[in-house]
Amino acid sequence: MPRRDAEALASGRHPDPFAVLGLHAQGDGYALRVYVPGAQGVDVLRRDSERIEGRLTELGTAGLFVIALSEIFPYRLRIHWPDGVQETEDPYSFGLLLGDIDLHLIGEGTHRDLGRCLGAQLMEIDGVAGVRFAVWAPNARRVSVIGAFNGWDGRRHPMRLRHQAGVWELFVPRLQSGEAYKYELVDAHEHVVQKADPVALASELPPGTASKVADIENFEWHDEAWLARRGETLAPDRPIAIYEVHAASWRKHGGNEGELYDWRELAEQLIPYVSEMGFTHIELLPIMEHPFGGSWGYQPLGLFAPTARHGSPADFAFFVDACHRAGLGVILDWVPAHFPTDAHGLARFDGTALYEYEHPHEGFHQDWNTYIYNLGRREVHGFMLSSALHWLRHYHIDALRVDAVASMIYRNYSRRDGEWIPNRHGGHENLEALDFLRHLNQVVAEEVPDAAVIAEESTAWPGVTRSVPEGGLGFAYKWNLGWMHDTLSYMAEDPLYRCHGHHNMTFPQVYAYSERFMLPISHDEVVHGKRALLDKMPGDEWQKFANLRAYLATLWTQPGKKLLFMGCEFGQWREWDHDRELDWWLLDEPRHAGVRLLVGDLNRLYREQPALHQGDCDPAGFVWVIGNDHANSAFAWLRCDAHAEPLLVVANMTPVPRHEYRVGVPRAGAWEEIFNSDAACYGGSNLGNLGRLEANEQPLHGQPASLELTLPPLAVIILRPLAR
């Protein structure tokens, strides 16, 4: 071997180890070279025999061994270490690993299953079991896979570069699931760095940062019945009521200082709770692996790996399967906007701005101190697309909620003049991110047509839920943050002054059908000094609870799918703290238990009454009856089903009862009150309209008939006509 090759191997700088290691023709025979620094000796054996064919001779470089062979045969190595003997096949005896089609698709950014192509793949090659490693790092000078199996020594397993795609590959025989590993790179600037695998299927428990080999193929699913009908559960005319959960702080063993629940324990505890409450879906704050728990998962680095905080990938699959068997859908928050700057992650992965934009005015997010994905780069576009599909296909996830869409589509998002770079047309739109979002929604519709993608988009960008062929972004639903902001602003006002902000309750209906909306009361509304939902409400304790019940009833009876963050369903007093579990002890108090009972009853009404959900995304499903009673801070609206069958909703947003309050209705005859947020079982004063009421043919509010009602204080009531 030329001396320069030996020196390059010894220094961990050889760019092409397959050119010198393994079996190579030499003269009339063959030379087998093995580099195992620290070994005392190496024998070569036929793969199917215990007979030693020869002992390798150490060359001048420590750890570099060679033997001359007269023929080629399948072989294995017996390596003598100071502390024992290892038998293994030679990683440098295997040919090219990734196919040309895979490499072409990776380079083109159109590979839709990187979770089975890159990363650590358990497989058998030439009858030998092991792990195939592959990582995209086109500007690295050398990449090695390191782990306990080689003493974390980057000289031991340098990889082969497939130049056309910039992908490095290596098959390491006899490795098994659970093995921890990283990649050691000599980057574009000759710095030696260690990186976690961007396409790892599992990771170490933080603060550990290594990736782990995982088998995600052999989980036995039992959710065929759910998958056969899940597309129906996400349809615009179906009830969708989402319970948003931060898995690490819903409950803990032994209270706030206790251990986190794992996925199997959450399946045992969370699923029955959510089912009993009548929700249709669980939405999880990001469970992709993330180094800092205080980011709540919104700064992920493991875009293909469930966090190890709650167990293994199989444990997470068990949880999803259990949800489906219980009739609950699962939605994951997913973050394609940005990633953290941790040294072991994607940042300057091969010494260059590989995943992020180079210029900080494009590539650095000032609000979150994170890097911004360069979605205009084909390989990054494909990486994120494949991540989305990975969760939908391999973990049977029903929908992804895309975080921070506004930060993606505006180049000047949260930036002052001079701090952002215009697009090629001189505008502030991020054309690359827009192309990605459209493509994402098109591909999901092709690959997983019964799944959904939901946008958290906080601006008035037009057509977020319009189809891509029609010029939209193609999302299934959009969070209606305007509705949330306006209605919470109204509810926070003292009832004495609500007459001046009456429009905050009526204006959202002006644009309620411009998109397919979800009405979110999410984690973002109960942290960082915004106060808990109950504590936002004005007045004394009685009024706070009454206001909360009225607001929740308004949420469930206005058009749009529903989302409620954990703890809001029983009126937690304090802000959410990701380091503490919810204050479950509050349920021993009747008023808190009453709020939870109310939410459960609202969910059941929402599911059972077609008028409350069939028109969520249809203008025919909502009619204002009274929208201008500023003086009384009273409102009335009709919800109608697909056959125009109505429900009447009336809200009194003052603590003053209204007697003999007349409201127009679409038909005369018998009506009944089917819900009252002031009921005693919810903690209210039990004022209302018990039993049967008669609407007479006295036109009012543009309706042919009217009802005379008693409106309880700070309450919402629902009435329906009885069959004629």
Side-chain angles (χ1 to χ4, degrees), residues 230-246 279-288 296-298 300 320 323 328-337 384-385 387-393 395-409 433-434 436-445 447-468 472-484 511-525 555 559-565 613 616-617:
R230 73 170 176 178
E232 302 171 13
T233 70
L234 291 163
D237 62 349
R238 294 298 298 270
I240 300 176
I242 301 166
Y243 187 62
E244 190 188 30
V245 175
H246 179 248
F279 288 95
T280 63
H281 292 75
I282 294 173
E283 179 169 330
L284 296 170
L285 272 62
I287 55 84
M288 299 79 189
W296 316 330
Y298 287 101
V320 176
C323 285
L328 290 172
V330 181
I331 301 170
L332 295 187
D333 281 12
W334 182 66
V335 187
M384 296 308 301
L385 188 69
S387 167
L389 292 174
H390 179 75
W391 299 101
L392 297 172
R393 291 193 299 210
Y395 287 106
H396 294 197
I397 297 303
D398 302 293
L400 297 175
R401 175 266 198 188
V402 180
D403 180 62
V405 170
S407 77
M408 297 175 67
I409 62 179
L434 289 166
F436 169 77
L437 293 171
R438 295 186 185 104
H439 191 211
L440 167 71
N441 287 312
Q442 287 179 305
V443 168
V444 169
E447 298 277 345
V448 199
D450 53 355
V453 186
I454 301 159
E456 186 221 12
E457 201 284 308
S458 56
T459 73
W461 184 276
V464 171
T465 58
R466 192 182 308 141
S467 72
V468 174
L473 297 184
F475 286 94
Y477 294 99
K478 171 182 171 174
W479 277 21
N480 192 339
L481 297 171
W483 180 93
M484 175 275 301
Y511 59 87
Y513 299 101
S514 61
E515 304 277 5
R516 291 187 297 275
F517 279 125
M518 287 185 170
L519 308 184
I521 302 300
S522 75
H523 62 282
D524 278 330
E525 311 318 316
L555 165 64
K561 307 308 177 185
K562 323 303 176 188
L563 181 141
L564 190 68
F565 185 59
H613 61 256
D616 272 342
C617 302

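Keep in mind that this is a model prediction, so the values were computed, not measured.
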- Item | Straight-line distance of Leu284 CG to Cys323 SG, nearest 0.5 Å | 7.5 Å
- Note on the structure: Residues Ile331 and Ile242: closest non-hydrogen pair is CD1-CD1, 3.7 Å
- Looking at CH2 of Trp391 and CD1 of Ile287, how far apart are the two atoms once the value is rounded to the nearest 0.5 Å? 4.0 Å
- Query: To the nearest 0.5 Å, what is the distance between CG (Leu563) and CD (Glu456)?
  - Reply: 10.5 Å
- Note on the structure: What one should report as the nearest heavy-atom pair of Ala399 and Ile454 is CB-CD1, 4.1 Å
- Task: Using the test salt bridge (Lys or Arg N to Asp or Glu O under 4.0 Å), find all partners of Asp398 that sit at least two apart in sequence or belong to another chain.
- Result: Arg230
- From Lys561 NZ over to Cys617 SG, what is the distance, rounded to the nearest 0.5 angstrom? 5.0 Å
- Between Met288 and Pro300, what is the shortest heavy-atom contact and its length? CB-CB, 4.1 Å
- Evaluate side-chain contact (heavy atoms from CB on, under 4.5 Å) for Ile282 paired with Val245, printing each intermediate quantity in order. CA-CA 7 Å; Ile282 294 173; Val245 175; 4.2 Å; yes
- Message: Ring-plane angle category for His523 and Tyr298, please: parallel below 30°, perpendicular beyond 60°, tilted otherwise.
- Response: parallel
- Evaluate the side-chain proximity of Phe436 to Leu385: yes if any heavy-atom separation is below 4.5 Å, no if none is. yes
- Message: For the backbone of Leu555 and the side chain of Lys562, can you confirm whether one donor and one acceptor N or O come within less than 3.5 Å of each other?
- Response: yes
- Would you mind reporting whether Trp483 and Met518 have side-chain heavy atoms less than 4.5 Å apart? no
- Message: Testing the basics here: between Arg516 and Ala476, what is the closest heavy-atom pair and its distance to 0.1 Å?
- Response: NE-O, 2.8 Å
- Task: Answer yes or no: is there a side-chain heavy-atom contact under 4.5 Å between His281 and Thr233?
- Result: yes
- The reported gap from CZ in Arg401 to CD in Glu244 (rounded to nearest 0.5 angstrom) is 6.5 Å
- Do Trp334 and Leu440 touch side chain to side chain, with heavy atoms closer than 4.5 Å? yes
- Item | Reported CH2-to-CG distance for the pair Trp461 and Leu473, which is rounded to 0.5 angstrom | 7.0 Å
- Message: For Arg238, give me all partners under salt bridge (Lys or Arg N to Asp or Glu O under 4.0 Å), at least two apart in sequence or on another chain.
- Response: Glu232
- Which atom names give the shortest non-hydrogen contact between Ala337 and Met408, and what distance separates them? CB-CG, 3.5 Å
- Of the non-hydrogen atoms in Tyr477 and Phe517, which two are nearest, and what is the gap between them? CD2-O, 4.3 Å
- Note on the structure: Sorted by chain and residue number, the side chain to side chain contact (heavy atoms under 4.5 Å, CB included) partners of Ala455 (sequence neighbours excluded) come out as Val405, Glu457, Val464, Phe475
